[in-house]
**Student:** 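After the structure tokens below, expect a handful of questions from me.
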Amino acid sequence: MFQSKVIITTVALVFILKSEFILANGQHPNLLHQELFSIEVGPNFTSLASKYGHPASQYEVITEDGYILTMFHLPGRSRFPVILMHGILDSSDTWIIRGENSLAITLANQGYDVWLPNSRGNRYSRRHVQLDPDKDVDFWKYSFHEIGYYDLPALIDRVLKETGAPTLTAIGHSQGNTAFYILGSTKPEYNEKVNVMIALAPICYLHHSPPPISTFIKLTPLVESIFTELNINEVLGDNTTAARIYRFVCSSSVISYPFCAYVLFFPLTGYDPTELEPNFFRISTKYFPAGISSRCLVHFLQVGHRRVFAQFDYGSEGNKALYNSTVPPPYDLSKVSMPIALLAARNDVLSTIPDVILLRDQLPNVVSYIVNPRSQFNHADYVWGRRMRLYLFPYIFPIIQRYNGVN
Ligand SMILES: *[C@@H]1O[C@H](CO)[C@@H](O)[C@H](O)[C@H]1NC(C)=O
Ligand SMILES: *[C@@H]1O[C@H](CO)[C@@H](O)[C@H](O)[C@H]1NC(C)=O
Ligand SMILES: *[C@@H]1O[C@H](CO)[C@@H](O)[C@H](O)[C@H]1NC(C)=O
């Protein structure tokens, strides 16, 4: 049983990586790919926001280490800014593709001032003051460590500067939360700037994820060496062959649902076909994945493999040079003093209940811990669920109100 899973996983991995390899070498995908896999990504954030009645403005935020990030803004009556931080391989679009039933539009309809950043390397933030993501490998040398350490401070400072507010409310999904724990532990002065952080599908430890995630974790050294050997730096960016094939196969017909959802997607999030129905799932493939560095994926695998929430492992020599220690230093979660509300779900295979409990017991200021009562609620339902209004928002809005006074 385990062996067959390893074989299937390895074959799938090599297939994905082989197709990335074509682009990693700087060659264009061949003509056949261009013709065949020419499905474009869907209408962008600004277009979607206008469609749902909220013209968005756009900001460029430059980080201390030179990355140029795009942040969207849905201006609201409220003086209280809310920032929505997306997860891995994702973008700001994730918060709006459910339209009238999305969190971004629901917040905007209620008058909140909503800010939607994009972390480095994705569809909207694939820019740098010096480095060219298509030519300079150094552009891709970041993980969620740098997202927490450089991107978040720049984004938070910009929101506070633009609004004049002393603090903001943060809502994160998946890796969006991981970055906030890193911020709070490595730059503790930022804890004061967040009045509450609402963590949807909090990710920190990965001790209890089932296969195939646990299989990938067991194969961490292999995955890492494949990325290195094949010189793969960007994973599933919009123009990579693997992302094109996925979009082509999975967005073109509802018939692809059994394969794309059941075989490729749900094993990594938890099964919930009622909330992610075929028509919507097909649309989601035009937005997700939005690209990330291979190092970001490897860092998550390392956390699972080493069973420590620590900085990136460069190997003993690299670690010695960078950290003055053969092993990477763990993040000190006791420094994350911002108020945090943890929302977990029993059918979330990435952010499992026992792992969220491990995290909860190390964070010093958990103000709320909620396990979603819907037993099928999974990792993706927090951003894409058909009935978030029923299953999710009733837990989010009272927390925002409690920490922002009356709106
Ligand atoms: C979004 O799409 C519109 C219409 O195609 C275009 O004018 C605009 O520049 C795009 N914005 C971004 C941020 O890509
Ligand atoms: C993909 O390629 C198109 C056409 O060259 C370009 O306009 C776009 O910015 C690229 N997107 C990404 C995310 O690399
Ligand atoms: C490196 O670590 C050693 C042993 O822990 C310590 O004695 C030394 O002062 C450290 N060096 C620096 C530059 O921090």
Side-chain angles (χ1 to χ4, degrees), residues 71-87 92 95 102-117 148 151-185 187-204 333-345 351 356 359-373 382-383 388-389 391-407:
M71 176 158 57
F72 296 105
H73 179 210
L74 305 178
R77 295 186 306 276
S78 164
R79 293 179 291 113
F80 306 108
V82 179
I83 192 169
L84 304 184
M85 195 64 195
H86 64 78
S92 52
W95 301 106
S102 69
L103 184 56
I105 293 300
T106 306
L107 282 164
N109 284 346
Q110 296 198 14
Y112 286 98
D113 196 52
V114 192
W115 297 79
L116 303 107
D151 291 3
L152 285 184
L155 295 162
I156 291 172
D157 287 339
R158 184 62 181 272
V159 170
L160 298 184
K161 180 169 164 255
E162 295 290 336
T163 57
T167 61
L168 51 71
T169 292
I171 302 180
H173 178 233
S174 190
Q175 176 191 269
N177 305 309
T178 321
F180 271 92
Y181 315 141
I182 288 166
L183 175 72
S185 70
K187 296 194 167 176
E189 66 276 18
Y190 277 84
N191 285 301
E192 307 299 319
K193 303 191 182 193
V194 179
N195 53 45
V196 66
M197 141 79 337
I198 302 173
L200 312 177
I203 294 264
C204 183
L333 289 172
S334 72
K335 290 197 177 134
V336 188
S337 59
M338 64 183 84
I340 296 188
L342 297 169
L343 273 71
S351 179
V356 177
L359 169 66
R360 182 194 69 187
D361 292 348
Q362 288 189 38
L363 289 171
N365 196 5
V366 173
V367 295
S368 183
Y369 167 70
I370 298 159
V371 176
N372 199 288
Y382 290 98
V383 279
M388 287 184 282
R389 196 173 289 285
Y391 293 121
L392 181 64
F393 298 166
Y395 305 102
I396 293 181
F397 281 88
I399 300 171
I400 304 180
Q401 280 152 13
R402 191 159 100 218
Y403 287 88
N404 284 286
V406 181
N407 259 293

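Starting from 1, each residue takes its place in the sequence as its number.
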**Student:** Is there a side-chain contact between L183 and P153 (heavy atoms, below 4.5 Å)?
**Tutor:** yes

**Student:** I171 and side-chain contact (heavy atoms from CB on, under 4.5 Å): which single residue from V114, L103, I83 fits?
**Tutor:** L103

**Student:** What's the verdict on side chain to side chain contact (heavy atoms under 4.5 Å, CB included) for H73 and V159, showing C-alpha distance, side-chain angles and the deciding distance?
**Tutor:** CA-CA 9 Å; H73 179 210; V159 170; over 6 Å; no

**Student:** Can you tell if the side chain of Y395 reaches within under 4.5 Å of the side chain of N372, non-hydrogen atoms only?
**Tutor:** yes

**Student:** Which residues pass the ring pair (Phe, Tyr, Trp, His ring centres under 6.0 Å) test with W95, not counting sequence neighbours?
**Tutor:** none

**Student:** Does any non-hydrogen side-chain atom of T106 lie less than 4.5 Å from one of F397?
**Tutor:** yes

**Student:** Hey, could you give me each pair passing salt bridge (charged side-chain N to carboxylate O under 4.0 Å, His left out) that has a residue in residues 164-178? Not counting sequence neighbours.
**Tutor:** none

**Student:** Which residues pass the salt bridge (Lys or Arg N to Asp or Glu O under 4.0 Å) test with E162, sequence neighbours left out?
**Tutor:** R158

**Student:** Suppose we screen for side-chain hydrogen bond (donor to acceptor under 3.5 Å, both in side chains). Which residues come up paired with D157, at least two apart in sequence or across chains?
**Tutor:** Y190, K193

**Student:** Go through it in stages, so that I can follow the logic: the residues are V82 and F80, the test is side chain to side chain contact (heavy atoms under 4.5 Å, CB included), and I'd like the CA-CA distance, side-chain angles, deciding distance and then a yes or no.
**Tutor:** CA-CA 7 Å; V82 179; F80 306 108; 5.8 Å; no

**Student:** Drop me the distance from I156's CD1 to W115's CH2, to the nearest 0.5 angstrom.
**Tutor:** 13.0 Å

**Student:** Excluding sequence neighbours, so at least two apart, what forms side chain to side chain contact (heavy atoms under 4.5 Å, CB included) with T167?
**Tutor:** N195

**Student:** Do L359 and L333 come close enough that some side-chain heavy atom pair is under 4.5 Å?
**Tutor:** yes

**Student:** If we ignore hydrogens and angles and just use 3.5 Å, is the side chain of D113 paired with the main-chain N or O of S78 as donor and acceptor?
**Tutor:** no

**Student:** Just to verify, what does P188 make a side chain to side chain contact (heavy atoms under 4.5 Å, CB included) with, not counting sequence neighbours?
**Tutor:** N191, K335

**Student:** Which heavy atom in G172 sits nearest to a heavy atom in M197, and how many Å separate them?
**Tutor:** N-CE, 3.6 Å

**Student:** Not counting sequence neighbours, which residues clear side chain to side chain contact (heavy atoms under 4.5 Å, CB included) with A179? List them please.
**Tutor:** I147, L152

**Student:** Does L168 reach the side chain of T163, with side-chain heavy atoms less than 4.5 Å apart?
**Tutor:** no

**Student:** Can you run down the side chain to side chain donor-acceptor pair (under 3.5 Å) pairs that involve residues 172-183, sequence neighbours left out, and say none if there aren't any?
**Tutor:** S174-H379

**Student:** Answer whether the closest heavy-atom distance between the side chains of L200 and I396 falls below 4.5 Å.
**Tutor:** yes

**Student:** Given the rule in the side chain to side chain contact (heavy atoms under 4.5 Å, CB included) test, do Y369 and V356 qualify, once you have shown the distances and angles that lead to the verdict?
**Tutor:** CA-CA 9 Å; Y369 167 70; V356 177; 3.8 Å; yes

**Student:** Could you walk me through whether L343 and L392 pass the side chain to side chain contact (heavy atoms under 4.5 Å, CB included) check?
**Tutor:** CA-CA 9 Å; L343 273 71; L392 181 64; 3.9 Å; yes

**Student:** Is there side-chain contact between P202 and F180, with heavy atoms separated by less than 4.5 Å?
**Tutor:** no

**Student:** Name all residues meeting the side-chain hydrogen bond (donor to acceptor under 3.5 Å, both in side chains) criterion together with R402; count only those two or more places apart in sequence or in a different chain, and write none if there are none.
**Tutor:** none

**Student:** Output every pair passing salt bridge (charged side-chain N to carboxylate O under 4.0 Å, His left out) with a member in residues 167-179, not counting sequence neighbours, ordered by first then second residue.
**Tutor:** none

**Student:** Just to verify, what does D151 make a salt bridge (Lys or Arg N to Asp or Glu O under 4.0 Å) with, not counting sequence neighbours?
**Tutor:** R120

**Student:** Going by side-chain hydrogen bond (donor to acceptor under 3.5 Å, both in side chains), name the residues that satisfy it together with S368, two or more places apart in sequence or in a different chain.
**Tutor:** none

